[in-house]
Enquirer: 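Questions regarding the structure given below will be posed in turn.
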Amino acid sequence: MGDVAKDLTAGTVGGAAQLICGHPFDTIKVKLQSQPAPLPGQPPKFSGAMDAVRQTIAAEGPRGLYKGMGAPLATVAAFNAVLFSARGQMEALLRSEPGTPLTVNQQIIAGAGAGVAVSFMACPTELIKCRLQAQSALAGSGSVAVAVKYGGPMDVARHVLRSGGTRGLFKGLFPTMAREVPGNAAMFGVYEALKQYLAGGQDTSGLGRGSLLVAGGLAGASFWVSVYPTDVIKSVIQVDDYKNPKFSGSIDALRKILASEGVKGLYKGFGPAMARSVPANAACFLAYEVTRSSLG
């Protein structure tokens, strides 16, 4: 197999592992991010992550934690295949000669390039996922966007195309790219730095699975630490109504969130995001490395 095919295959396996481990945490994150600001004197719909879990299971059962998984599951192969193969191609361009390990700075550049490539795939996938996940959080808020009860990912896509056309699927592309480019730069840079630290040098081929889990988990955490407010803005824009939008764009969303909720409004759902990032990305990187190694 060629390097691209190996990266495509290993990225697919890694993405599936990441999604299975992390989706329930992601559901809670989106619910907390997208719940409307409470009226003066009124409590928020969810008091925190555990309250969101309790209400979700009470209203929808355990399956509610996996709502919206169809869209990313259907595209996880393509998404992670593009991410890891784009990173692999960037690595090939940055190497001084074949087989030479990349420096941490070169991995940061490779991660940023991969982030650009996946943004165009991530945006419509995330939009469908977020609108499914946010339905119960937005219920009763008076938003026209949730007057329709979506039957599944394809139903969301049909309604979006009807309301906003093809461009509607790319609502939130700018904040998606503003998340993916620096986020992946940080993640792949931290991953390589930790691997080299644990290996005691640039040759990381002898690292065991435990070390790869630690490096992958902490690398995933670095993604969210570096870009979380951008992810909040992306989520609120993507669940916004098409015909009567609350936000005119990313800057308007930032201003309104700060005005109504302060800086803490940009960190709604941060706990579940961090709780998800460590095990999900540990699983992703380990599955990728093991699969890639087995392919030769």
Side-chain angles (χ1 to χ4, degrees), residues 15-37 44-76 79-80 121-141 143 145-146 148-157 159-160 171-172 175-176 179-180 183 217 220-221 223-224 227-240 265-284:
Q18 180 185 48
L19 187 64
I20 292 168
C21 289
H23 194 79
F25 295 99
D26 188 65
T27 296
I28 299 304
K29 171 182 75 72
V30 172
K31 283 178 179 287
L32 291 172
Q33 287 177 337
S34 58
Q35 65 173 327
K45 182 176 180 66
F46 304 118
S47 61
M50 291 309 299
D51 184 47
V53 171
R54 283 192 294 269
Q55 289 195 44
T56 298
I57 292 176
E60 307 170 60
R63 290 179 61 185
L65 295 173
Y66 284 90
K67 183 165 284 186
M69 187 172 170
L73 185 60
T75 58
V76 68
F79 180 89
N80 281 278
M121 185 173 293
C123 186
T125 302
E126 291 260 321
L127 183 142
I128 291 170
K129 173 183 72 67
C130 286
R131 291 179 85 85
L132 280 170
Q133 290 173 323
Q135 281 186 115
S136 61
L138 291 170
S141 67
S143 172
V146 293
V148 176
K149 184 71 172 177
Y150 298 122
M154 294 307 296
D155 192 34
V156 177
H159 280 96
V160 168
K171 187 175 186 179
T176 299
R179 182 191 73 175
E180 292 296 326
F223 181 107
W224 292 107
V227 298
Y228 194 79
T230 307
D231 184 67
V232 173
I233 292 170
K234 177 201 71 68
S235 292
V236 299
I237 287 175
Q238 290 188 322
V239 302
D240 201 9
L266 294 172
Y267 287 89
K268 291 189 297 186
F270 184 68
M274 293 304 294
R276 165 190 175 272
S277 66
V278 175
N281 284 283
C284 177

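Keep in mind that this is a model prediction, so the values were computed, not measured. Along the sequence shown, the residues carry numbers beginning at 1. The basis for the numbers below is simple: all heavy atoms, side chains too, and nothing from hydrogens, waters or symmetry mates.
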Enquirer: Identify the heavy atoms of Gly269 and Lys29 that sit nearest to each other, and give their distance.
Expert: O-CG, 3.7 Å
Enquirer: Using modelled atom types only, decide if a donor and an acceptor are shared between the side chain of Gln18 and the backbone of Asn80 within a distance under 3.5 Å.
Expert: no
Enquirer: Given Arg131, which of Asp240, Val30, Asp155, Val156 fulfils the side chain to side chain contact (heavy atoms under 4.5 Å, CB included) condition?
Expert: Val156
Enquirer: Could you grab the distance from atom CD1 of Ile128 to atom NE2 of His159, nearest 0.5 Å is fine?
Expert: 12.5 Å
Enquirer: Would you compute the distance between atom OG of Ser34 and atom NZ of Lys45 and round it to the nearest 0.5 angstrom?
Expert: 10.5 Å
Enquirer: If every non-hydrogen atom of Pro124 is compared with every non-hydrogen atom of Met121, which pair is closest and at what distance?
Expert: CD-O, 3.6 Å
Enquirer: Working to the nearest 0.5 Å, report the span between CZ of Phe46 and CG of Leu32.
Expert: 7.0 Å
Enquirer: Check side chain to side chain donor-acceptor pair (under 3.5 Å) between Arg179 and all other residues, then give those that pass, not counting sequence neighbours.
Expert: Glu126, Asp231
Enquirer: Hey, does the side chain of Asn281 reach the backbone of Ser277 with a donor-acceptor pair shorter than 3.5 angstrom?
Expert: yes
Enquirer: Go through the structure and list residues passing side chain to side chain donor-acceptor pair (under 3.5 Å) with Tyr228, not counting sequence neighbours.
Expert: Gln33
Enquirer: Ala17: which residues meet the side chain to side chain contact (heavy atoms under 4.5 Å, CB included) condition with it, sequence neighbours left out?
Expert: Ala283, Ala287
Enquirer: Begin with the C-alpha distance, continue with both residues' side-chain angles, and end with the deciding distance and a verdict on side chain to side chain contact (heavy atoms under 4.5 Å, CB included) for Leu65 and Thr56.
Expert: CA-CA 7 Å; Leu65 295 173; Thr56 298; 4.1 Å; yes
Enquirer: Please step through side chain to side chain contact (heavy atoms under 4.5 Å, CB included) for the pair Glu60 and Lys67, ending with a clear verdict.
Expert: CA-CA 9 Å; Glu60 307 170 60; Lys67 183 165 284 186; 2.7 Å; yes
Enquirer: To the nearest 0.5 Å, tell me how far Leu19 CG sits from Asp26 CG.
Expert: 8.5 Å
Enquirer: Which heavy atom in Tyr66 sits nearest to a heavy atom in His23, and how many Å separate them?
Expert: CA-CD2, 3.5 Å
Enquirer: For Ala122 versus Phe79, what's the shortest heavy-atom pair and its separation?
Expert: CB-CE1, 3.4 Å
Enquirer: Distance from Asp51 atom CG to Lys31 atom NZ, nearest 0.5 Å?
Expert: 11.5 Å
Enquirer: Taking all atoms of both residues into account, what is the closest heavy-atom pair of Thr27 and Gly64, and its distance?
Expert: CG2-O, 3.7 Å
Enquirer: What I'd like to find out is whether the side chain of Thr176 reaches to under 4.5 Å of the side chain of Gln238, using heavy atoms alone.
Expert: yes
Enquirer: Working to the nearest 0.5 Å, report the span between NZ of Lys171 and SG of Cys130.
Expert: 12.0 Å
Enquirer: Could you pull out the closest heavy-atom pair between Ile237 and Pro175, with the gap in Å?
Expert: CD1-CG, 4.3 Å
